[in-house]
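Sequence lines set the chain letters: A, B, ... in the order given, protein chains first and strands last, and positions in each chain run from 1. A quick note: this is a predicted structure, and the numbers were derived from the prediction, not measured.
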There are 2 protein chains.
Amino acid sequence: MTRKQLIMDSALQLFAEKGIEATSVQQITDHCGISKGAFYLSFKSKDELIYSIIEHFMNNIIREVDRAVKEGSTPSEKLHIYFVHTFKVMSQYTGFAEILMKEKVSAINETLIERIQYYVDLAKKSLEKLLFEVFGDQIEGKQYDLVLVVNGMVQAYLQNFFESCKPFDVIKLADSLVEKTTLLATKSEIVFLQDSSQLYSRIKNYSIEHIVEELDYLQQQTNDRLELESIQLLKEELMMEMPRPAIIVGLISNLEKNENFNWITIYLKDRFN
Amino acid sequence: MTRKQLIMDSALQLFAEKGIEATSVQQITDHCGISKGAFYLSFKSKDELIYSIIEHFMNNIIREVDRAVKEGSTPSEKLHIYFVHTFKVMSQYTGFAEILMKEKVSAINETLIERIQYYVDLAKKSLEKLLFEVFGDQIEGKQYDLVLVVNGMVQAYLQNFFESCKPFDVIKLADSLVEKTTLLATKSEIVFLQDSSQLYSRIKNYSIEHIVEELDYLQQQTNDRLELESIQLLKEELMMEMPRPAIIVGLISNLEKNENFNWITIYLKDRFN
DNA sequence: TATAATAATGACTAGCCGGTCACGTGTCAA
DNA sequence: TTGACACGTGACCGGCTAGTCATTATTATA
C-alpha cells in the first residue's frame, strides 16, 4: 500500500468516528505511524486529502452501482439490482458512507461541498435514466418528482441503517423499494417538480472554460503520454465552435483508467452522449 | 428584546451562514455589538447557546405543526395540513431549518445530537399517530415503513427547497404528498421495517431516573411557585411504583407555558397518554 | 567506503479558539 | 458626596490547529 493510500485509509476511519473538522492532521499521522511532515509530502493540505477521499469513493460508488445495473437482463431486474447494490456498496464503504450521512454539507470547504453535490446530481441522472428504462414514457413529466422521492426513500433507509447498525436484509428492502417505486411511477398523478433545473442544482453550471481549467490542472497530475495527449486534444476540441461528440467520447475513454479523471469523464460522457 | 434573544438571533443567522463549528463566540458578539464577557453573562458556554437554540426551535416546530393539524376537521384534511404546515414552519424558521439540513449530525457535541435525534423521533411519533387516524387499521404492521418513507420524502423536498431557494407552491406540494402517501398506505404490501425499535432509536431509552435528574435541573431554572410545586409533585409521582397517568398529565399542563420544559412535557405526555 | 540524493522527522510558527477575570463605568441609596 | 453594587468590557490564558523547514536518517550510486 502506498503512503497516500495508507493516509487515506487512516483518515477515513478517523473522519467517520469523530467527524472531519474534529480530526487533526496530527491524529491522522499518529494513527498511521508517520510524521506530520510525511503527510505533507503526499498531500498539499488537509483539504486536498478530503478532496481525494471524496473523489475516490464517489467515483467508486457511482461506478460500481452502474456496472451492477448494466448486468441486469430485464429493466425491472435492473431496478432491483440498483437498490440492492446501492445498499451493498454503501455498506462496503461504511466509513465513507458514514461521513456522507453525518457530515452532509456544512463546515467543510465550499468547493468540496460543490463536488459532493455534483456527484449526487450525477447519481440522480443515472437513476432518471434507469427509471425511464423501467417505466417508459408513462413517467414523462413526472420523472423529476420520482427521482427526488425515490432518492429520498433510499436516503431514509440508509440513514436508518447507519443509525441502527444492525444487519440488513438487502433483498427484502430492495423488493419493498421496487414495489413502492412502481406504485409511485404508475399510479401517481399530481406532480410537483416540473423542471429539470429544479432537481439538478449544479450539474448544468459548468462552463467550457471551467472544464478546460480543470483539464489544465489534471494535466499536471499525470505523466502518462497517452493521457497527456488526450487531455491536450480534448481541450482543443472543446474550445472549437462545434465540438464533435464522437471525438470527445473517444478521447475520454483514454482517461477512464486513471481514477483522478473520473468525475470529468462521467460529466463529459453525460454531456456529449 | 432581551440580550439572550439578541444573541440567539445573531447566532442563528451566523450558524446558518457558516456552520456552527465555524462560527466563533467572538463573531457572534461582534455581530450583535456586545462584548465577549457579556455573552458569558447570558450563556454558560457556547454549547449552552446551541442547546438553547435547538430547544427553542424544535419545540416551536413540533408545537406549531401539532396545533395546526388539530384544527383540521377530517383525517385527510389533517394529513394535508400536516404537510403544508411542515413546510410553512420550516420556511418561517429558515435559519434554523438550514442548520438542521446542513449541519445534521457530526462535529457538534454528542448530547446535542441526541437531543435533536430525540425531537426527530417525537416528530415521527406524531406522524405515526396521524397516519393511523387517516388510514386506520389497514396500515397496521406497515406503519413504521410508512413513517420512514413519508419522512424521507418530506426531507427530500425540504432539502430541494433549501438548495433551490425559490418560492414554493406549498399547497400543490402537499397535494402531491397526500397522493403519494395514500398510494403507499393503501397499496403497498411488502414491508421492510417490522418493529418500532427499528424506527425510534432514542425515544424509549429514557429511564425514570434520567427524567427525574432532568426535572431536578429544570427546577433550578424557574422561580414560578406553581411550576416549582408541580415539578416537585411530578418527581414524587414518577418515583412511585405505579405512577398515576391522570396526575402526571395534569401536572404537566402546569408546565406547558414555560418553553424550557417543553421537550419533557411532550415526552411525558406521549409516555403516559 | 565515500559521497550524493532522497525520504522522513518533529520542533516550531502564527493564528484561532473558548473561556476567565481584574478592571472600568454608570446608577442608585444613604 | 460617598460608597455599594451590578453591568459590562476586552486583554489575556492555555490549548488547540494547519502548515513549515532545518535537521537527520536512509538509500542509491560511484
Between CD of Glu21(A) and P of dC16(C) the distance, given in whole Å, is 15 Å
Check: Looking across every strand, which nucleic acid part, if any, lies under 4.0 Å from Thr29(A) by heavy atom: base, sugar-phosphate, or nothing?
Finding: nothing
Lys46(A) atom NZ is separated from dT20(D) atom P, nearest whole Å, by 15 Å
Margin query: Between Arg3(A) and dA8(C), is there a contact of a side-chain N or O with OP1 or OP2 at under 4.0 Å?
Written below: yes
Centres of the Phe39(A) and Phe43(A) rings: under 6.0 Å? yes
Item checked: Exceeds 12 heavy-atom contacts within 6.0 angstrom, atom NZ of Lys88(B) -> no
Separation of dG18(C) atom P from Ile7(B) atom CD1, nearest Å, is 14 Å
| said: Heavy atoms only, 4.0 Å cut-off, all strands: where does Thr23(A) land among base, sugar-phosphate and nothing? | reply: sugar-phosphate
Winner on side-chain proximity to Leu41(B), out of dG8(D), dT17(D), dA8(C), is dG8(D)
Whole-Å distance, Asp30(B) CG to dC16(C) P, equals 13 Å
Rounded to whole Å, the CZ-C1' distance (Phe39(A) to dA7(C)) equals 17 Å
Over 60° means perpendicular and under 30° means parallel, so classify the ring planes of Phe96(B) and Phe57(B), tilted if in between. parallel
query: Base, sugar-phosphate alone, or nothing: which one does Ile34(A) contact when heavy atoms must sit under 4.0 Å apart?
result: sugar-phosphate
Between Lys46(B) and Ile20(B) (side chain of the first, backbone of the second, donor and acceptor by atom type, cut-off under 3.5 Å), is there such a pair? yes
Leu14(A) atom CG is separated from dT17(D) atom C1', nearest whole Å, by 16 Å
Judged by nearest nucleotide, the residue sitting upstream toward the 5' end of DNA chain C, Ser45(B) or Gln26(A), is Gln26(A)
query: Think Lys36(B) has a side-chain N or O under 4.0 angstrom from the OP1 or OP2 of dG10(D)?
result: no
I'd like to know if Arg63(A) and Asp66(A) make a salt bridge, using a cut-off of under 4.0 Å between side-chain N and carboxylate O.
no
Looking only at dT9(C), dT20(C), dA18(D), the nucleotide nearest the Ser24(A) side chain is dA18(D)
Under 4.0 Å from OP1 or OP2 of dG10(D): is there any side-chain N or O of Ser35(B) that close?
no
Here the distance between atom C1' of dA22(D) and atom OH of Tyr40(A), to the nearest Å, is 18 Å
Glu48(A) atom CD is separated from dA18(D) atom P, nearest whole Å, by 15 Å
